[in-house]
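Quantities reported herein were computed from a predicted structural model and do not represent experimental measurements.
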Amino acid sequence: MSSKKKILAFLKKDKEIAIKRIEISINKWKKFKTKRIFFRTFFNNHVLLNWQPSKKISNLFNLHLVWSNNIIKSLTNVERGNVLIALNGLKEFYLKISTIKPDLSHPDILKCYNQTAVNNGFPTVNIKFKETIEIDVIDPFANVTGKDKKIIEETLNKHKLQALKDIEYSLFYFDQIDSKSNETQHNYEDKPKNIHLNENKTFDLKLIWFNEEIKSITKVEKKKVRKNLLSFKRIIQSFNVRRPNKNDYFIKNMYEISLTKTTSNFKKDIFKFLPSIIKKIVKT
């Protein structure tokens, strides 16, 4: 038997185990969800299920894509009403994994395949995903979003929309300069973030994300400005807020800026209001 057939045989075995585990997880969830929250504190399971309470007393749950006895991907702080939807989504995801010709273009299926390979001494497959437009693949959790992920996605979407708005305004601004009939009519109060006209009639261009520079091109000739601005726009459009492609250098930077600066601002707000919070606690 060739090494390819061997690993596919192990993949089939892992798939069978994953399906059995998700079925056990679904059945245990159906029994668990009917219990009152106090009695849930006694929940203790030694089997690696696809779900677990996020805390001892909580209506939030952590869900796991488990493959080859390893957690491949997790979704944290999912509300009780969405747990069964996500678990059924996981079951459908497992069922769709082909053990004859697995779709390794799907990042989560690739992770499962590589986990099987590692556990059985086979070489892993390395694929770098390069997206030029925002695309979606089958979500293992049936597009259910936990509270943590929801906050992150809302933040990323807000920053993406602002970046697109900025680039559109920069394109509009340039079009006014580029129009021969409007060569002197470009003194707008709001200067564009992505474009700067130099004294020598060349342009400096910047890709801006959440007020941070991601990429810059200096001394660009007028005839090449629109082309470069549109390339910036394509980068922004390719940012998938649900599944950022961290293999892409620019997307990774954009993602990290959003998370770092948002977390930093949150901490500043906490420290800003901390004295008044302490006073209230002392008074009570």
Side-chain angles (χ1 to χ4, degrees), residues 4 7-8 10-19 21-22 25 48 50-51 62-78 82 85-157 159-160 209 214 234-259:
K4 184 177 179 182
I7 192 172
L8 290 178
F10 284 116
L11 191 74
K12 183 179 180 181
K13 184 179 178 182
D14 283 340
K15 176 179 176 178
E16 290 170 354
I17 294 170
I19 292 170
R21 178 180 278 121
I22 192 64
S25 295
L48 180 56
N50 298 90
W51 63 271
N62 298 334
L63 308 182
H64 308 293
L65 193 172
V66 182
W67 186 272
S68 201
N69 215 36
N70 283 267
I71 293 175
I72 302 298
K73 188 176 185 178
S74 295
L75 193 61
T76 58
N77 291 328
V78 176
N82 290 326
I85 297 170
L87 291 177
N88 283 322
L90 275 173
K91 185 177 179 179
E92 285 299 312
F93 175 76
Y94 290 138
L95 289 169
K96 287 179 180 176
I97 295 177
S98 171
T99 56
I100 298 173
K101 192 176 181 181
D103 180 11
L104 301 185
S105 67
H106 190 299
D108 296 319
I109 294 177
L110 177 64
K111 288 176 185 176
C112 292
Y113 178 91
N114 280 338
Q115 190 61 59
T116 295
V118 169
N119 285 4
N120 295 283
F122 291 92
T124 58
V125 175
N126 184 25
I127 299 175
K128 287 191 176 181
F129 300 98
K130 181 79 175 176
E131 295 173 7
T132 54
I133 57 171
E134 181 174 0
I135 58 172
D136 280 309
V137 295
I138 297 170
D139 178 55
F141 299 103
N143 293 319
V144 167
T145 303
K147 282 196 170 183
D148 300 334
K149 192 178 179 185
K150 186 176 181 182
I151 292 169
I152 292 171
E153 286 181 7
E154 286 174 350
T155 299
L156 295 176
N157 191 54
H159 296 168
K160 178 179 178 177
W209 180 272
I214 301 297
R234 283 193 292 273
I235 291 173
I236 298 167
Q237 287 174 325
S238 72
F239 191 103
N240 191 328
V241 298
R242 290 190 61 85
R243 186 178 49 83
N245 182 9
K246 295 171 197 173
N247 289 318
D248 184 282
Y249 175 79
F250 300 116
I251 299 296
K252 183 182 178 182
N253 280 355
M254 290 150 74
Y255 176 80
E256 289 177 350
I257 285 168
S258 288
L259 260 62

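- The shortest non-hydrogen separation linking Ile100 to Leu8 is O-CD1, 3.5 Å.
- You'll find the side chain of Ile97 stays beyond 4.5 Å of the side chain of His106, heavy atoms only.
- At a threshold of 4.5 Å between non-hydrogen side-chain atoms, the residues Asn240 and Asn245 do not count as touching.
- Qualifying salt bridge (Lys or Arg N to Asp or Glu O under 4.0 Å) partners for Lys15, counting only residues two or more places apart in sequence or in other chains: none.
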For this session: Go through the steps for Ile251 and Ser238 under the test side chain to side chain contact (heavy atoms under 4.5 Å, CB included), then give the verdict.
Result: CA-CA 8 Å; Ile251 299 296; Ser238 72; 3.7 Å; yes
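- Relative ring orientation between His159 and Trp209 is described as perpendicular, the plane-to-plane angle rising above 60° on a 0-90° scale split at 30° and 60°.
- Summarising the geometry of Tyr94 relative to Val66, their closest heavy-atom pair is OH-O, 2.8 Å, with the distance given to 0.1 Å.
- Under the salt bridge (Lys or Arg N to Asp or Glu O under 4.0 Å) criterion, Glu92 pairs with no residue at all, not counting sequence neighbours.
- Judged as a salt bridge (charged side-chain N to carboxylate O under 4.0 Å, His left out), the pairs with a partner in residues 104-119 (not counting sequence neighbours) are, in order, Lys73-Asp108.
- In this structure, Ser25 and Arg21 have side chains that are in contact, with non-hydrogen atoms separated by less than 4.5 Å.
- From Asn82, atom CG reaches atom CG of Leu75 across 9.5 Å, with rounding to the nearest 0.5 Å.
- The minimum heavy-atom distance between Thr116 and Ile7, with the atom names listed, is CG2-O, 4.2 Å.
- With rounding to the nearest 0.5 angstrom, the CG atom of Leu90 is 12.5 Å from the CD1 atom of Ile85.
- Across every non-hydrogen atom of Ser68 and Asn119, the tightest pair is OG-ND2, 2.6 Å.
- At a threshold of 4.5 Å between non-hydrogen side-chain atoms, the residues Ile109 and Val137 do not count as touching.
- Taking 4.5 Å as the limit, every side-chain heavy atom of Tyr113 sits out of range of all side-chain heavy atoms of Trp67.
- Counting heavy-atom neighbours within 6.0 Å of Lys12 NZ, excluding the residue itself, gives a total of 12 or less.
- A 4.5 Å side-chain heavy-atom check between Met254 and Ile235 finds at least one atom pair inside the cut-off.
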